[in-house]
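Input: a single structure, listed below in structure tokens.
We count ligands from 1, going down the list as the structure has it; atoms in each ligand are counted the same way. Starting from 1, each residue takes its place in the sequence as its number.
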Amino acid sequence: MHIDHDASGLHARLESGETLDVDVIISATGVRPKIGFLAGSGIATETGILVDNHMQTNVANVFAAGDCTEAVEFATGKRIINAIQLNAADQARTAALNMAGRVTRSQGAMALNVLDTFGLISASFGQWQGVDGGDHTELSDETTFKYLRLVFEDDVLIGATSLKLTEHVGRICITLKLFASLTKFFPEAYRKSRELPLEVDANATIDSIIAPLGIPPPLVKLVLLNGVFVPPNERAATRFTDGDALAIWPPIAGG
Ligand SMILES: Cc1cc2nc3c(=O)[nH]c(=O)nc-3n(C[C@H](O)[C@H](O)[C@H](O)COP(=O)(O)OP(=O)(O)OC[C@H]3O[C@@H](n4cnc5c(N)ncnc54)[C@H](O)[C@@H]3O)c2cc1C
């Protein structure tokens with residue numbers, strides 16, 4: 001393609017000879033792992049190195065992870081090259097555990113992208129392009145450039161795209177569990193289950209979660225994060241990762 005720029009604007013001259021008058025040209029390339037050195041090794045490849053959900057190649061004791069792999073996508077079961085850091089980190093952990101003898105399965109690659117274009121944040125998740133026979137719904141606000149498209153298959157949400165909706169980006173989901181007399185500090189609907197799902201930001205600490213609950217400090221006796229005791233002097237600095245469970249007990253029988 002040849003690009004011309006003159007007083008009348010921007011023109012893209014295609015190899016076919018056709019010329020298009022355009023507002024903007026975006027040049028993009030996909031991801032193509034450099035795996036030529038594996039030729040003749042016996043390790044199966046297509047565009048990337050083929051791995052199963054244990055990150056193992058077709059050759060025993062040979063594992064691969066990250067951008068170089070073509071791994072199973074969790075929603076479709078099809079192989080994809082999913083070149084994002086989250087995927088690389090998950091695959092690396094899975095490969096390392098299996099290499100160390102602890103059998104571990106990856107849930108599968110998840111297509112996910114968050115992009116900052118001159119301050120306009122766009123995001124896409126899962127099968128955002130939709131599936132045959134699927135359905136979608138859209139919300140848009142042209143004055144604020146906010147847009148949300150949710151894509152469904154039957155009644156299951158399978159993907160989404162959004163513009164300028166960053167409220168939940170970087171949020172972490174945890175479960176807060178309060179026991180014995182502390183359950184009264186939960187909203188009514190959660191007192192029976194003693195569990196409250198919470199969305200917190202990446203800087204939240206144990207103390208910053210407890211403070212708004214209004215629990216008097218002397219009643220916060222035993223604090224466990226994923227079953228591990230957190231001493232009082234560490235609670236102002238202890239942060240969360242997705243899926244954490246925070247459990248709090250009051251002093252019992254004067255203890
Ligand atoms: C411009 C850009 C922006 C990106 N932005 C994002 C983003 O916002 N969010 C996100 O999640 N992901 C992003 N990514 C993708 C992310 O960086 C990759 O998914 C991630 O780094 C993959 O990790 P990896 O370990 O598989 O590969 P890499 O990080 O590429 O590491 C591979 C390493 O292997 C080395 N290497 C290659 N060949 C050989 C060889 N033959 N022998 C020895 N060493 C070798 C390379 O030098 C490199 O250090 C971005 C990538 C790019 C290029």
**Study point:** Heavy-atom closest pair, residues Asn58 and Ile43
**Key:** OD1-CA, 3.4 Å

Any donor-acceptor pair under 3.5 Å linking the side-chain atoms of [Y] with those of [X]?
{"X": "His54", "Y": "Asn98", "value": "no"}
{"X": "Gln91", "Y": "Ser106", "value": "no"}
{"X": "Thr143", "Y": "Asp141", "value": "yes"}

Check: every ligand 1 N/O to protein N/O pair under 3.5 Å:
{"residue": "ligand 1", "atom": "11 (O)", "partner": "Gln85", "partner atom": "N", "Å": "2.8"}
{"residue": "ligand 1", "atom": "12 (N)", "partner": "Gln85", "partner atom": "N", "Å": "3.2"}
{"residue": "ligand 1", "atom": "19 (O)", "partner": "Asp67", "partner atom": "OD1", "Å": "2.8"}
{"residue": "ligand 1", "atom": "19 (O)", "partner": "Asp67", "partner atom": "OD2", "Å": "3.4"}
{"residue": "ligand 1", "atom": "19 (O)", "partner": "Ile84", "partner atom": "N", "Å": "3.4"}
{"residue": "ligand 1", "atom": "19 (O)", "partner": "Ile84", "partner atom": "O", "Å": "3.4"}
{"residue": "ligand 1", "atom": "19 (O)", "partner": "Gln85", "partner atom": "N", "Å": "3.4"}
{"residue": "ligand 1", "atom": "26 (O)", "partner": "Asp67", "partner atom": "N", "Å": "2.9"}

Review point. How many angstroms lie between NE2 in His136 and CD in Gln129, if you round to the nearest 0.5 Å?
Key: 13.5 Å

Review point. Any Lys/Arg nitrogen of Glu138 or Arg149 sitting under 4.0 Å from an Asp/Glu carboxylate oxygen of the other?
Key: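 Salt bridge present between Glu138 and Arg149.
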
